Amino acid sequence: MNSKLLTETSKFLSFVLRHEPQAIGLTLDSEGWADVDALIGAAAQHGRALDWALIEQVVATSEKKRFALSADGACIRAVQGHSTSSVAISFAEKVPPAVLYHGTAQRFLESIRKEGLKPGARQYVHLSEDVNTATAVGQRYGKPVVLTVDAKAMHVQGFKFFQAENGVWLTAGVPHGCIAS
Ligand code: HQG
């Protein structure tokens, strides 16, 4: 299967499963699941040809493991990254490692120093366990900078942390006092 089609389909699935299911008249449940047959039907009505083989291939080849199929294989969801308010995944709270990393762009630093890290359009601030991943995340918006987050101190202060099934750490916000660059 060609990689351009896989990338385009992955972007389309991210769009409808994380951000705007209503754009194709799709309904997600509160855990983010969409029925795969319903997804294929809704996409077809909006000019996007999907089939099971293509969807399974996108799930299997996503290097960030962005999507998951349900145990019975009937449903698909994005495992993190949502902005749509129709989804509120019930992540289990988890004790974070002592430090976590956030990749951002140089041009956001001044604002981050004033406000701390905010989730922006998404539901959570996204944090990584390793510097390389954080660097790649920051690179998407400009000259990358990796911020070190004192997750242990935040945890002690009662901030909640969650980990999506692809390893991405999530928290509602990071106060500027818990960030060291
Ligand atoms: C920045 C991708 C100004 C924040 C990645 C980031 C990730 C602030 C941007 C996932 C700020 C939001 C999420 C403040 C935070 N002032 N800017 N106070 N607080 N920011 O895309 O973390 O490929 O919503 O640093 O790999 O970049 O989509 O979040 O630069 O895992 O699967 O505001 O998306 O994964 O940008 O990326 P985003 P993110 P996928």
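Every heavy atom of this structure was used, including side-chain atoms; hydrogens, water molecules and symmetry mates were not. Remember, it's a predicted structure, so these values are computed and weren't measured experimentally. Order of appearance sets the numbers: ligands from 1, and atoms from 1 within every ligand.
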Next item on the list: Could you list the atoms of ligand 1 found under 4.0 angstrom from a heavy atom of Arg66?
Entry: 23 (O), 32 (O), 40 (P)
Margin query: Distance under 4.0 Å to a non-hydrogen atom of Leu117: what atoms of ligand 1 satisfy this?
Written below: 15 (C), 19 (N)
Notebook entry, point to check: Should you measure from each heavy atom of Tyr141, which atoms of ligand 1 turn up under 4.0 Å away?
Noted result: 21 (O), 27 (O), 30 (O), 36 (O), 38 (P)
Notebook entry, point to check: Of all heavy-atom pairs between Ile112 and His176, which one has the smallest distance, and what is that distance?
Noted result: O-CB, 3.9 Å
Item checked: Close side-chain approach of Phe159 and Pro96, heavy atoms under 4.5 Å -> no
Note to self: Could you tell me if the side chain of Val58 sits less than 4.5 Å from the side chain of Thr7, heavy atoms only?
What the structure shows: no
Notebook entry, point to check: Which heavy atom in Ser83 sits nearest to a heavy atom in Ala121, and how many Å separate them?
Noted result: CB-O, 3.1 Å
Next item on the list: Go through the steps to decide whether Thr135 and Asn132 satisfy the test side chain to side chain donor-acceptor pair (under 3.5 Å), and finish with yes or no.
Entry: CA-CA 5 Å; Thr135 305; Asn132 287 348; 5.1 Å; no
Check: Counting only heavy atoms, which portion of Arg140 has something under 4.0 Å from ligand 1: side chain, backbone, both, or neither?
Finding: side chain
Margin query: If the cut-off is 4.0 Å to any non-hydrogen atom of Arg122, which atoms of ligand 1 fall inside it?
Written below: 13 (C), 21 (O), 24 (O), 29 (O), 34 (O), 38 (P)
Item checked: salt_bridge(Lys65, Glu165) N-O dist < 4.0 Å -> no
Notebook entry, point to check: Relative to the ring of Phe91, is the ring of Phe162 parallel (under 30°), tilted (30 to 60°) or perpendicular (over 60°)?
Noted result: tilted
Notebook entry, point to check: Hey, which atoms in ligand 1 end up nearer than 4.0 Å to a heavy atom of Lys64?
Noted result: 2 (C), 5 (C), 23 (O), 26 (O), 32 (O), 35 (O), 40 (P)
Checklist line | Options Ser111, Gly173, Ala105, Gly142, ranked by nearest heavy atom to atom 3 (C) of ligand 1, top entry | finding: Ser111
Check: For Gly116, is at least one N or O under 3.5 Å away from an N or O on ligand 1?
Finding: yes
Notebook entry, point to check: Is the backbone N or O of Ala78 less than 3.5 Å from a side-chain atom of Arg18, with the two atoms forming a donor-acceptor pair by type?
Noted result: no
Check: Are the side chain of Arg66 and the backbone of Leu13 linked by a donor-acceptor contact shorter than 3.5 Å?
Finding: no
Notebook entry, point to check: What protein heavy atom sits nearest atom 8 (C) of ligand 1, and how far away is it?
Noted result: Ile112 CG1, 3.7 Å
Next item on the list: Provide the number and element of each atom of ligand 1 under 4.0 Å from a heavy atom of Glu115.
Entry: 14 (C), 16 (N), 18 (N)
Item checked: Residue, atom name and distance, where the atom is the protein heavy atom closest to atom 1 (C) of ligand 1 -> Phe108 CD1, 3.9 Å
Check: Considering distance alone, does some N or O of Arg18 sit under 3.5 Å from an N or O of ligand 1?
Finding: yes
Item checked: Among His102, His126, Gln80, closest by any non-hydrogen atom to atom 10 (C) of ligand 1 -> His126
Notebook entry, point to check: With respect to atom 19 (N) of ligand 1, which of Arg107, His176, Lys118 exhibits the smallest heavy-atom separation?
Noted result: Lys118
